[in-house]
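Notes follow the structure.
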Amino acid sequence: MSKELQGRRIAILAADGVERVELEQPRAAVEEEGGHIELLSLKAGEIKARDHDLEPAGSFPVDRPVAEAKIYEFDALILPGGTVNADKLRLDETAVAFVRDFVRSGKLVAAICHGPWLLAEADVVRDRTLTGYPSIRTDLRNAGANVVDKQVCVDGHLVTSRAPRDLPAFCEAIIEELASTPAQT
């Protein structure tokens, strides 16, 4: 463990229906490098995870509701996918505002699979280059994004990825981008 992210605080924003591996693997990668993860959601308690959107895959305890979190407390934000997860988050104005403000802060925001749906809802993808799950690419284009089909896409402080099979590249990009910028918290 190199501890490149020692002292860094990273938020993961997720809700019921989150794709389990898209929460677990980035969290493990950040923690392995010494970073601290805090799981934010729409409400206190726990969220239910899924495998392939359909199969129950356990639950995760929520550290606190997103309404209680402040952007200045974190160095980065990770948005895992899961169709239901992303849909629930993009219907919640508090979650959308948190994402919008986080992107506007210039801090790292990383979204995978259906996670970029929330970026489109927050209206922060216009003239940006990103990727996402094939079924949301039209939505991303309609929101003004230049969409590419790559494992991982880095556009400034936005890191996006397509699907669970791309998690190794996604996690590596998160670590590289965080390690190359000074702590902002």
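- Sorted by first and then second residue, the pairs that involve residues 56-67 and meet salt bridge (charged side-chain N to carboxylate O under 4.0 Å, His left out), not counting sequence neighbours, are E38-R64, R64-E73.
- Here the side chains of I174 and V30 are in contact, with some heavy-atom distance below 4.5 Å.
- At distances below 3.5 Å, not a single donor-acceptor pair connects side-chain atoms of S59 with backbone N or O atoms of E46.
- Of the charged side-chain nitrogens involved, none lies within less than 4.0 Å of a carboxylate oxygen, so that K3 and E32 do not count as a salt-bridged pair.
- Every side-chain contact (heavy atoms from CB on, under 4.5 Å) that A179 has, sequence neighbours left out, goes to E4, L5.
- Listed by chain and number, the residues in a ring-ring contact (aromatic ring centres under 6.0 Å, His included) with F60 amount to none (sequence neighbours excluded).
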Can you list, pair by pair, the side-chain donor-acceptor contacts under 3.5 Å of residues 10-18, counting residues two or more places apart and other chains?
| residue | atom | partner | partner atom | Å |
| --- | --- | --- | --- | --- |
| D16 | OD1 | K48 | N | 2.7 |

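- In terms of the salt bridge (Lys or Arg N to Asp or Glu O under 4.0 Å) criterion, residue partners of D87 (sequence neighbours excluded) are, by chain and number, R90.
- Looking at residues two or more places apart in sequence or on another chain, you find a salt bridge (Lys or Arg N to Asp or Glu O under 4.0 Å) between R137 and D149.
- Annotation: salt bridge (Lys or Arg N to Asp or Glu O under 4.0 Å) contacts of E68 (sequence neighbours excluded): none.
- Separating the OG atom in S161 from the CG atom in L130 is a distance of 11.5 Å, to the nearest 0.5 Å.
- Aromatic ring pairs are classed by plane angle as parallel below 30°, tilted from 30° to 60° and perpendicular above 60°; the pair F102 and F74 is tilted.
- Taken from CG in D75 to NZ in K107, the straight-line distance is 6.0 Å, to the nearest 0.5 Å.
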Can you give me every donor-acceptor pair (side chain of residues 115-127, partner residue at least two apart or in another chain, under 3.5 Å) with its distance?
| residue | atom | partner | partner atom | Å |
| --- | --- | --- | --- | --- |
| W117 | NE1 | D139 | OD2 | 2.7 |

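- In this view, T129 and N146 satisfy the side chain to side chain donor-acceptor pair (under 3.5 Å) rule, not counting sequence neighbours.
- The CZ atom of R9 sits 10.0 Å away from the OH atom of Y72 when rounded to the nearest 0.5 Å.
- Residues H114 and N85 are not in side-chain contact: their nearest non-hydrogen atoms beyond the backbone lie 4.5 Å or more apart.
- Note on L167: it clusters hydrophobically with V154, by side-chain heavy-atom contacts below 4.5 Å among ILVMFWY residues.
- Using a distance-only test at 3.5 Å, with no hydrogens or angles considered, a donor-acceptor pair links the side chain of E19 to the main chain of H52.
- The shortest distance between side-chain heavy atoms of I47 and V62 falls below 4.5 Å.
- In terms of heavy atoms, I112 sits closest to A163 at CD1-O, 3.6 Å.
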Please tabulate, one pair per line, all N/O donor-acceptor pairs under 3.5 Å involving side-chain atoms of residues 20-27, not counting sequence neighbours.
| residue | atom | partner | partner atom | Å |
| --- | --- | --- | --- | --- |
| R20 | NE | D51 | OD1 | 3.0 |
| R20 | NH1 | E24 | OE1 | 2.7 |
| R20 | NH2 | D51 | OD1 | 3.2 |
| E22 | OE1 | G81 | N | 2.7 |

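- A continuous path of ILVMFWY side-chain contacts below 4.5 Å connects I71 to L89, so both sit in one hydrophobic cluster.
- Taking CG of L79 as the reference point, atom SG of C113 lies at 12.0 Å (rounded to 0.5 Å).
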Run the numbers on T160 and F170 for side chain to side chain contact (heavy atoms under 4.5 Å, CB included), then give the verdict.
CA-CA 7 Å; T160 53; F170 181 64; over 6 Å; no
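- The heavy-atom pair separating L178 from A76 by the smallest distance is CD2-CB, 3.8 Å.
- Between I175 atom CD1 and S180 atom OG the span is 11.0 Å, to the nearest 0.5 Å.
- Taken to the nearest 0.5 Å, the CG atom of D92 stands 9.0 Å off from the OG atom of S41.
- Partners of D155 according to the salt bridge (Lys or Arg N to Asp or Glu O under 4.0 Å) rule, which considers only residues two or more places apart in sequence or in another chain, are R128.
- Not a single side-chain contact (heavy atoms from CB on, under 4.5 Å) links A28 to another residue, sequence neighbours left out.
- Counting only heavy atoms from C-beta outward, the side chains of V159 and V109 never approach each other to under 4.5 Å.
- Put simply, the side chain of H157 reaches to within 4.5 Å of the side chain of V103, judged on heavy atoms.
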